[in-house]
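Only one structure is covered here, and it is reproduced in the block below.
All values below were derived from every heavy atom in this structure, side-chain atoms included, with hydrogens, water molecules and symmetry-related copies excluded. Since this is a predicted model, take the numbers as computed values, not measurements.
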Amino acid sequence: MPQLVIHSKEEDWEIELGNRTTIGRVLANDICLNDPNTSRYHSEITETEYGYVYKDLDSSNGSYVKDFRVTKKILSNGDVIRVGKTTLTFIEDHLDTTPAGLVRIASIPISNQAIQDRIKIGEENAFAPAHLIADDMDWREDYEKLRLGNEMFQYVGIKRDLNNIIKNIAGKLLDIFPADRCAILLLDSETDKLVPVTIKVMTGIQKHMSISDSILREVQKTCSSLFIADVSSDERFSGSESILVQGLHSILCAPIIYGDNFYGVIHLDSQKSAMVFTRKDLQLITSLSSHVATIVANTRLLRSVEQEAKDKAQLERLLPPSVIQKIAKGDIKLEKKGGENKEVTILFADIRGFTSMAHKAPATDVVEMLNEYFELIVNIVFQYGGTVDKFIGDEVMVLFGAITDVEFPEDRAVRCAFHMHGALKLFNTERKEQGKNIIEVGVGINTGDAVVGVIGSSQAMQYTCIGDAVNIAARLTGVAEANQTIISASTYHKMKVKPQHEQLPPFALKGIESAIQLYSVWEKVTDTTRHGI
């Protein structure tokens with residue numbers, strides 16, 4: 001539907017164009033401009049076979065497009081017309097039909113003079129014991145609250161998509177109350193601002209709406225629902241052009257509060273006539289907003305529990321069970337974002353000849369092989385207190401001493417590598433008997449300072465570490481041959497129990513400025529139990 005965007009010195013708003021839209025200074029116009037430079041009946045926009053046509057109605061000060069006075073013009077998308085001190089922008093196709101595009105929070109004043117009544121959440125008429133109810137009307141009102149509350153719960157059902165739940169609730173509220181439109185706004189925890197989530201309108205009613213920020217602040221600050229039976233009763237609204245254009249008469253607004261938590265606002269209004277809302281409607285919306293708050297709180301709790309379960313399942317795949325238990329108890333804090341400088345030992349293990357194997361074998365066989373291989377490797381990593389950071393194709397990155405401080409992280413990493421080589425020998429024996437390709441890995445290990453923490457966006461985060469220490473470990477993996485473990489001098493010198501080794505000539509690694517002293521290490525039989533490894 002074509003739109004006209006009105007820009008005045010006080011505020012901006014939009015209106016959908018019908019067959020004929022009149023513009024002028026008096027209330028009888030479809031667009032009423034509070035501008036002394038505008039004539040009483042200034043101009044009109046009509047829909048014709050040629051499109052929408054703007055026509056000046058012999059106004060005193062005229063209408064201007066690009067500083068040229070016009071009397072009649074076929075409008076094109078983006079045309080800007082100046083009427084007095086106001087500009088009108090013609091939008092042929094208004095694309096933003098999202099709640100955020102349809103609902104605008106505007107600087108519209110509101111005074112206590114306009115508020116007919118209010119009820120504080122938690123102080124609405126409670127359900128009295130049966131023996132204390134003497135008035136038949138009290139029975140009926142209590143029953144109506146219970147019936148509608150129960151109906152709303154059943155109508156919503158058990159759903160996990162909060163946005164769809166809110167849409168269903170808004171539609172149901174329009175069935176219950178004598179309103180033309182219902183908008184529900186929820187508080188964004190990150191920006192601490194109210195965001196329109198849904199808007200429902202009756203047939204033939206203007207979809208775009210402006211909501212007074214003063215009303216929103218009032219219901220949030222006082223934790224009270226309120227209603228304005230007649231907007232025109234507040235003299236300050238007379239200067240608010242968007243209110244005049246929308247023909248707004250009555251407003252009913254209630255906060256969505258559960259316990260001490262403020263979740264949002266329910267806003268209902270009427271364009272048809274004033275005095276459509278009553279004290280009974282105020283009591284009812286106050287009661288129903290409590291039901292809505294319970295639904296929102298339960299839905300968010302359910303989502304939180306599901307997310308925690310997913311996080312736990314993900315951590316169980318990457319961390320040893322002992323570490324998972326510490327995280328669950330709160331002994332280890334995984335912050336949402338951020339990191340710290342920490343000395344970490346990093347191990348990379350990479351399958352040799354994998355590209356050739358993957359090229360020759362069917363994709364399903366390659367995936368099956370990797371799954372079997374990673375299952376074996378991860379179990380070994382956990383035995384030595386390592387953390388699986390990530391899988392990169394056929395490569396695995398493991399951290400020692402990142403999330404938790406472990407004794408002898410360098411020794412653990414090296415012995416973990418030896419265990420991998422040994423386990424793969426047995427693993428390959430079975431694969432040979434089955435006629436399958438064998439798997440041999442090259443391992444690189446380095447120790448150094450890195451930034452450890454949670455990195456990513458609000459939708460996808462990962463606990464990892466970054467820095468030169470990680471880059472060096474990755475480069476060492478490229479140097480290692482099949483069944484070989486290469487470690488850096490920093491790892492070798494920190495080990496408590498030195499393995500069999502061969503000191504290699506200083507090696508220039510790609511991306512690293514100075515040559516690195518490397519060691520090729522292999523296992524020797526020794527008693528390490530006294531070192532706690």
Q | From CA spacing to verdict: side chain to side chain contact (heavy atoms under 4.5 Å, CB included), Asn34, Cys32 | A | CA-CA 7 Å; Asn34 184 25; Cys32 178; over 6 Å; no
(Q) Quick check: do Ile165 and Thr299 have side-chain heavy atoms less than 4.5 Å from each other? (A) yes
Q. Can you name the side chain to side chain donor-acceptor pair (under 3.5 Å) partners of Asp468, sequence neighbours left out?
A. none
Q) Is there side-chain contact between Val398 and Ile377, with at least one heavy-atom pair below 4.5 Å? A) no
**Q.** Val80 vs Val65 side-chain heavy atoms within contact, under 4.5 Å
**A.** no
**Q.** Evaluation steps, side chain to side chain contact (heavy atoms under 4.5 Å, CB included), between Glu218 and Leu226
**A.** CA-CA 9 Å; Glu218 183 71 11; Leu226 57 86; 3.8 Å; yes
Q.
Using the side-chain contact (heavy atoms from CB on, under 4.5 Å) criterion, which residues pair with Ser189? Sequence neighbours excluded.
A. none
**Q.** Donor-acceptor pair between Tyr54 and Ser63 side chains, under 3.5 angstrom
**A.** yes
Q | Whether Lys342 side chain and Ala402 backbone form a donor-acceptor pair below 3.5 Å | A | yes
Q: For Ile392, enumerate each residue passing the side-chain contact (heavy atoms from CB on, under 4.5 Å) test, keeping only those at least two apart in sequence or located in another chain.
A: Phe348, Lys390, Glu395
Q: Check side-chain contact (heavy atoms from CB on, under 4.5 Å) between Leu187 and all other residues, then give those that pass, not counting sequence neighbours.
A: Asp192, Leu194, Phe262
Q: Please test Ser225 against Thr286 for side chain to side chain donor-acceptor pair (under 3.5 Å), starting from the C-alpha separation and ending with a verdict.
A: CA-CA 6 Å; Ser225 53; Thr286 304; 2.4 Å; yes
**Q.** Asn379 side chain to Glu375 backbone, donor-acceptor under 3.5 Å
**A.** yes
Q: Write down the atom of Ile211, the atom of Ala183, and the distance for their closest heavy-atom approach.
A: CD1-CB, 4.1 Å
Q | Contact summary for Met202 and Ala179, nearest pair of heavy atoms | A | CG-O, 3.6 Å
Q.
Just verifying a value: how many Å separate Leu33 CG and Arg25 CZ, rounded to the nearest 0.5 Å?
A. 10.5 Å
Q: Name all residues meeting the side-chain contact (heavy atoms from CB on, under 4.5 Å) criterion together with Asn61; count only those two or more places apart in sequence or in a different chain, and write none if there are none.
A: Asn37
Q: Give a yes or no on whether Tyr258 atom OH has more than 12 heavy-atom contacts from other residues, nucleotides or ligands under 6.0 Å away.
A: no
Q. Does a side-chain heavy-atom distance below 4.5 Å link Arg82 with Asp67?
A. yes
**Q.** Asp79: salt bridge (Lys or Arg N to Asp or Glu O under 4.0 Å) partners, not counting sequence neighbours
**A.** Lys73
Q) Taking only residues two or more places apart in sequence or in another chain, which ones pass side chain to side chain donor-acceptor pair (under 3.5 Å) with Thr89? A) His7
Q: Calculate, to the nearest 0.5 Å, the distance between atoms OH and CG belonging to Tyr52 and Leu75 respectively.
A: 10.0 Å
Q | Test side chain to side chain donor-acceptor pair (under 3.5 Å) applied to Thr447 - qualifying residues, sequence neighbours left out | A | Thr345, Thr491
Q. About how many Å separate CD1 of Ile228 and CG of Asp117, when rounded to the nearest 0.5 Å?
A. 12.0 Å
Q. In Å and rounded to the nearest 0.5 Å, what is the CD1 to CZ distance from Ile119 to Phe227?
A. 9.0 Å
Q.
If we ignore hydrogens and angles and just use 3.5 Å, is the side chain of Ser289 paired with the main-chain N or O of Ile285 as donor and acceptor?
A. yes
Q) With Thr87, which residues qualify under side chain to side chain donor-acceptor pair (under 3.5 Å), at least two apart? A) none
Q) Partners of Tyr41 by ring pair (Phe, Tyr, Trp, His ring centres under 6.0 Å), sequence neighbours excluded? A) none
Q. When rounded to the nearest 0.5 angstrom, what is the spacing between CG in Leu4 and CD1 in Ile91?
A. 8.5 Å
**Q.** Rounded distance [0.5 Å steps], CD1 in Ile256 versus CD1 in Ile295
**A.** 10.0 Å
Q: May I ask you to test the Asp449-Asn341 pair for a side-chain heavy-atom distance under 4.5 Å?
A: no
Q. Would Arg20 and Glu47 count as a salt bridge (charged side-chain N to carboxylate O under 4.0 Å, His left out) if you check the C-alpha gap in whole Å, the side-chain angles of each, and the deciding distance to 0.1 Å?
A. CA-CA 6 Å; Arg20 181 174 180 267; Glu47 184 179 14; over 6 Å; no
Q) Are the side chain of Asn446 and the backbone N or O of Ala469 linked by a donor-acceptor pair below 3.5 Å? A) yes
(Q) So which atom in Ala413 and which in Leu347 form the shortest heavy-atom distance, rounded to 0.1 Å? (A) O-CD1, 3.4 Å
Q. Under the salt bridge (Lys or Arg N to Asp or Glu O under 4.0 Å) test, which residues partner Asp188, sequence neighbours left out?
A. none
Q | Polar side-chain atom of Lys120 near backbone of Thr222 as donor-acceptor pair, under 3.5 Å | A | yes
(Q) Run Gln3 and Phe90 through side chain to side chain contact (heavy atoms under 4.5 Å, CB included) and show every step you take. (A) CA-CA 6 Å; Gln3 310 284 318; Phe90 176 71; over 6 Å; no
Q: Assert yes or no for the condition that the ring centre distance of Phe374 to Phe391 is strictly below 6.0 Å.
A: yes
Q. For Val26, does its backbone N or O pair with a side-chain atom of Asn29 as donor and acceptor, under 3.5 Å?
A. yes
Q.
I need the minimum non-hydrogen distance between Gly386 and Phe400, along with the two atoms involved.
A. CA-CE2, 3.6 Å
Q) Ile251 versus Leu268: any side-chain heavy-atom pair under 4.5 Å? A) no
Q: Please name all residues satisfying salt bridge (Lys or Arg N to Asp or Glu O under 4.0 Å) with Arg217, sequence neighbours left out, ordered by chain then number.
A: Asp213
Q: Applying side chain to side chain contact (heavy atoms under 4.5 Å, CB included), run through Asn298 and Val296 and close with a yes or a no.
A: CA-CA 6 Å; Asn298 288 344; Val296 173; over 6 Å; no
Q) Would Asp35 and Lys85 count as a salt bridge (charged side-chain N to carboxylate O under 4.0 Å, His left out) if you check the C-alpha gap in whole Å, the side-chain angles of each, and the deciding distance to 0.1 Å? A) CA-CA 7 Å; Asp35 186 344; Lys85 295 182 178 179; over 6 Å; no
Q.
Give me the atom names and distance for the closest heavy-atom approach of Val381 to Thr387.
A. CG1-N, 4.1 Å
(Q) Applying side chain to side chain donor-acceptor pair (under 3.5 Å) to Asp30 and Thr22, what does each step give before you reach the verdict? (A) CA-CA 5 Å; Asp30 297 306; Thr22 59; 3.3 Å; yes
Q: Flag the pair Asn19 / Thr46 as yes when at least one side-chain heavy-atom distance between them is below 4.5 Å, and no otherwise.
A: no
(Q) Between Thr294 and Ser290 (side chain of the first, backbone of the second, donor and acceptor by atom type, cut-off under 3.5 Å), is there such a pair? (A) yes
Q: Write down the atom of Cys465, the atom of Ala450, and the distance for their closest heavy-atom approach.
A: CB-CB, 4.2 Å
**Q.** Distance under 6.0 Å and angle within 45° of ring axis: Arg412 vs Tyr384
**A.** no
